[in-house]
Amino acid sequence: MSERRKNVIPGDVITTAPYRNDQNTILDGRLIISTAVGVSEISDGVVRVIPLTGMYMPRIDDMIVGKVVTHTSLSWELDINSCYVGFLPATDVFGRDFSARSDELNTRLKKGDLVAARIANSDRSRDPLLTIVDRDLGKIDSGELIEIPSSKIPRLIGKRGTMIQMIESQTGSMITVGQNGWVVVHNEDYNGLIKAKKAIRMVEKMAHLHNLTDKVRKMLEAEK
């Protein structure tokens with residue numbers, strides 16, 4: 001079950017219990033109150049606010065897209081579009097037999113390479129640890145990098161992935177979405193690539209609107 005979204009500012013009462021409060025909300029007695037400027041959403045008994053602005057803050061299990069900046073003998077350092085940097089251990093790429101003496105990290109990942117990774121461990125006192133030991137993670141071999149505010153990513157994904165799946169099917173694209181606001185679009189057809197980029201920018205611009213998936217679908221169908 002989901003309720004209509006509405007614009008909120010810090011201090012606005014969104015609803016009352018028995019809903020469970022989540023991202024950018026607090027519970028004050030029975031009142032669920034916004035702590036951010038954004039759009040409130042009530043879905044499946046959970047209340048959250050999608051912020052309109054703000055820097056990406058890493059959270060455990062987030063799927064992100066990072067860009068290799070440099071490396072040591074034991075790990076790569078990745079730009080993750082945050083005030084933090086991410087560290088990807090060499091053992092994730094080379095396996096348990098990794099040897100700092102004999103294995104050269106540049107043979108696997110070089111400066112500028114894009115990587116789909118997951119936040120494995122994170123707290124505010126240090127930079128997060130990344131992992132690629134999971135399905136669909138690792139080096140991204142091709143595609144165009146697009147940056148949107150991380151606060152708009154939930155709208156780009158859509159409920160149960162409906163928005164991003166629709167954009168992929170309508171444009172013939174493969175899209176990797178990072179919760180840090182970095183999105184990689186791959187499409188060998190130039191027109192399909194342009195359509196996918198246009199759809200993503202439309203979501204970015206109109207994230208506060210209701211029935212956005214239908215609006216994006218109609219735009220893409222009209223483009224045909």
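We use all heavy atoms of the structure for the numbers below, so side chains are in, but hydrogens, waters and symmetry mates are not.
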**Prompt:** Would Val85 and Leu78 show up in the same hydrophobic cluster when neighbours are defined by side-chain heavy atoms closer than 4.5 Å?
**Reply:** no

**Asked** What are the two closest heavy atoms between Ile32 and Arg20, and how far apart are they?
**Response** CD1-C, 4.4 Å

**Prompt:** For Asp28, which residues count as a side chain to side chain donor-acceptor pair (under 3.5 Å) partner, sequence neighbours excluded?
**Reply:** none

**Request:** Start with the C-alpha gap between Leu74 and Phe87, add the side-chain angles, then the distance that decides, and say whether side chain to side chain contact (heavy atoms under 4.5 Å, CB included) holds.
**Result:** CA-CA 10 Å; Leu74 298 174; Phe87 287 93; over 6 Å; no

**Heavy-atom side-chain proximity of Met57 to Tyr84 below 4.5 angstrom** = yes

Let me check something: any side-chain donor-acceptor pairs from residues 110-118 under 3.5 Å, sequence neighbours excluded? List them with distances.
| from | atom 1 | to | atom 2 | distance (Å) |
| --- | --- | --- | --- | --- |
| Asp113 | OD2 | Lys110 | N | 2.8 |
| Arg118 | NH1 | Asp61 | OD1 | 2.9 |

**Prompt:** So which heavy atom on Met219 is nearest to which on Ala199, and how close?
**Reply:** CE-CA, 3.7 Å

**Asked** Could you give the distance from OH (Tyr19) to CG (Leu31), rounded to the nearest 0.5 Å?
**Response** 14.0 Å

**Request:** Taking atom CD of Glu188 as the centre, report whether more than 12 heavy atoms of other residues, nucleotides or ligands fall under 6.0 Å from it.
**Result:** no

**Prompt:** Do you know which of Leu27, Ile33, Val46 makes side-chain contact (heavy atoms from CB on, under 4.5 Å) with Asn21?
**Reply:** Leu27

**Gap between atom CD1 of Ile14 and atom CD of Glu41 - 0.5 Å precision** = 10.5 Å

**Item:** CD1 on Ile132 to NZ on Lys139, rounded to 0.5 Å
**Value:** 11.0 Å

**Asked** Step by step, would you call Met163 with Arg155 a side chain to side chain contact (heavy atoms under 4.5 Å, CB included)?
**Response** CA-CA 7 Å; Met163 176 72 84; Arg155 286 295 262 158; 5.7 Å; no

**pair Lys205-Arg201: side-chain heavy atoms closer than 4.5 Å** = no

**Prompt:** Under a 4.5 Å cut-off applied to non-hydrogen side-chain atoms, are Ile80 and Trp182 in contact?
**Reply:** no

**Prompt:** Counting distance only, does the side-chain N/O of Asn180 pair as donor-acceptor with the main-chain N or O of Ile64 below 3.5 Å?
**Reply:** no

**Prompt:** Transitively linked via ILVMFWY side-chain contacts under 4.5 Å: Val39 with Val13?
**Reply:** no

**Request:** Could you tell me which non-hydrogen atom of Asp62 sits nearest to which non-hydrogen atom of Gln179, and how far apart they are?
**Result:** CA-OE1, 3.3 Å

**Message:** Are the side chains of Ile175 and Val184 in contact, using a 4.5 Å heavy-atom criterion?
**Reply:** no

**Prompt:** Taking C-beta and beyond as the side chain, do Val185 and Leu193 meet within less than 4.5 Å on heavy atoms?
**Reply:** yes

**Message:** Starting from Leu209, can I reach Val37 by hopping between I/L/V/M/F/W/Y residues whose side chains sit under 4.5 Å apart?
**Reply:** no

**Message:** Taking CG in Asp214 as the centre, count heavy atoms belonging to other residues, nucleotides or ligands within less than 6.0 Å. Is the count above 12?
**Reply:** yes

**Message:** As an exercise, state the distance from OG of Ser73 to CG of Asp103, rounded to the nearest 0.5 Å.
**Reply:** 11.0 Å

**Item:** Lys215 side-chain N/O to Val203 backbone N/O, donor-acceptor pair under 3.5 Å
**Value:** no

**Message:** Side chains of Val133 and Leu137, heavy atoms from C-beta outward: is any pair under 4.5 Å?
**Reply:** no

**Message:** Return the NZ to CG distance between Lys6 and Asp12, rounded to the nearest 0.5 Å.
**Reply:** 7.5 Å

**Prompt:** Is there a side-chain contact between Trp76 and Asp92, using heavy atoms and a 4.5 Å cut-off?
**Reply:** no

**Message:** I'd like to know whether Ile153 forms a side chain to side chain contact (heavy atoms under 4.5 Å, CB included) with Val183, so could you lay out the CA-CA distance, the side-chain angles of the two residues, the decisive distance to 0.1 Å, and finally the verdict.
**Reply:** CA-CA 9 Å; Ile153 290 297; Val183 181; 4.1 Å; yes

**Asked** Above 12 or not: heavy atoms from other molecules or residues under 6.0 Å from CE of Met166?
**Response** yes

**Prompt:** Can you name the nearest heavy-atom pair linking Glu223 to Lys195, along with the distance?
**Reply:** CB-CE, 4.0 Å

**Message:** Just verifying a value: how many Å separate Met174 CE and Ser142 OG, rounded to the nearest 0.5 Å?
**Reply:** 8.0 Å

**Asked** If you look at every heavy atom in Ala36 and Val49, which pair is closest and at what distance?
**Response** O-CG1, 4.2 Å

**Item:** Closest heavy-atom pair and its distance - Ile60, Ser122
**Value:** CG1-N, 3.7 Å

**Prompt:** Are Ile200 and Leu212 connected, step by step, through hydrophobic side chains (Ile, Leu, Val, Met, Phe, Trp, Tyr) whose heavy atoms are closer than 4.5 Å?
**Reply:** yes

**Request:** Indicate if Met202 and Ile148 have the same hydrophobic cluster label, given that clusters are the connected sets of ILVMFWY residues with side-chain heavy-atom separations under 4.5 angstrom.
**Result:** yes

**Prompt:** Just wondering, do Leu145 and Lys67 contact through their side chains at under 4.5 Å, heavy atoms?
**Reply:** yes

**Request:** Applying side chain to side chain contact (heavy atoms under 4.5 Å, CB included), run through Val65 and Ile140 and close with a yes or a no.
**Result:** CA-CA 9 Å; Val65 172; Ile140 300 174; 4.2 Å; yes

